[in-house]
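As structure tokens, the structure follows; a few thoughts come after it.
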Amino acid sequence: MRARGLWMVRPLSAVAFATMAMAAAMATVAAGWAADHAVAPPAPRQSELLYLLRQDCGSCHGLTLKGGLGPPLLPEALAARSDEDLVAAIVEGRPGTPMPPWGFEISRDEAAWLVRRLREGL
Ligand code: HEC
């Protein structure tokens with residue numbers, strides 16, 4: 001009985017170990033993450049993101065992104081900020097300010113793509 005029980009447990013712990021190893025690998029990748037290496041989202045998702053930028057982000061940052069309740073998101077306004085800072089602002093929000101976190105809807109890669117668009121003036 002005991003031996004049989006062990007057989008049942010072993011494959012399970014192998015799965016658990018693989019999951020842990022994968023999580024560790026993903027954490028390493030996340031730590032080394034850089035906006036300029038982010039992959040552009042597929043074309044239909046790009047349209048969705050640009051729509052979101054105008055509608056949702058535009059409600060605070062202005063329809064033409066010149067600023068409103070939120071600061072302007074025009075290229076010259078963002079020039080002094082790092083990609084990491086801007087991507088973090090989008091994904092995690094700015095606690096204590098009206099800037100909400102968008103991580104539930106926008107991935108880091110997508111935020112990085114948006115930052116590149118914003119830097120180019122869309
Ligand atoms: C409810 C209002 C509101 C909405 C909606 C909003 N923002 Fe913001 N955002 C702000 C405010 C306010 C700040 C300034 C926070 C601070 O003081 O650091 C900000 C800051 C930022 C910054 C950092 C700018 C900088 O110069 O540091 C970026 C980038 C940004 N928002 C992008 C976005 C994007 C992209 C969206 C839509 C997905 C969005 N925001 C939606 C209010 C908003």
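Start at 1 and go down the list; that is how both ligands and their atoms are numbered.
Nearest heavy-atom pair, E105 versus E110, reported as atom, atom and distance to 0.1 Å: O-OE1, 3.7 Å. The minimum heavy-atom distance linking A111 with V87 is given by the pair CB-CG1, 4.0 Å.
Here is the list of ligand 1 atoms found below 4.0 Å of a heavy atom in D56: 5 (C). When each atom of ligand 1 is checked for a heavy atom of I106 under 4.0 Å away, the hits are 38 (C).
At a cut-off of 2.8 Å, measuring from atom 8 (Fe) of ligand 1, the protein N, O or S atoms that fall short of it are H61 NE2, M99 SD, waters left aside.
Residues W102 and L50 share a single hydrophobic cluster, defined by chaining ILVMFWY side chains whose heavy atoms lie under 4.5 Å apart. Placement of Y51 and F104 in two distinct hydrophobic clusters is found when ILVMFWY residues are connected by side-chain heavy-atom separations under 4.5 Å, directly or transitively.
Of the polar atoms of R81, at least one N or O is found under 3.5 Å from an N or O of ligand 1, judged by distance alone.
At the top of the distance list for atom 15 (C) of ligand 1, counting protein heavy atoms only, stands T97 OG1, 3.4 Å.
Taking the charged nitrogens against the carboxylate oxygens, D83 and R108 have no contact shorter than 4.0 Å, which rules out a salt bridge.
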Would you be so kind as to tabulate the donor-acceptor pairs closer than 3.5 Å made by side chains of residues 63-77, with sequence neighbours excluded?
none

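Between the CZ atom of R119 and the CG atom of L86 there is a distance of 5.5 Å, given to the nearest 0.5 Å.
Judged by distance alone, with hydrogens and angles left aside, the side-chain atoms of Q46 form a donor-acceptor pair with the main-chain N or O of P41 at under 3.5 Å.
The shortest heavy-atom distance from V87 to ligand 1 is not under 4.0 Å.
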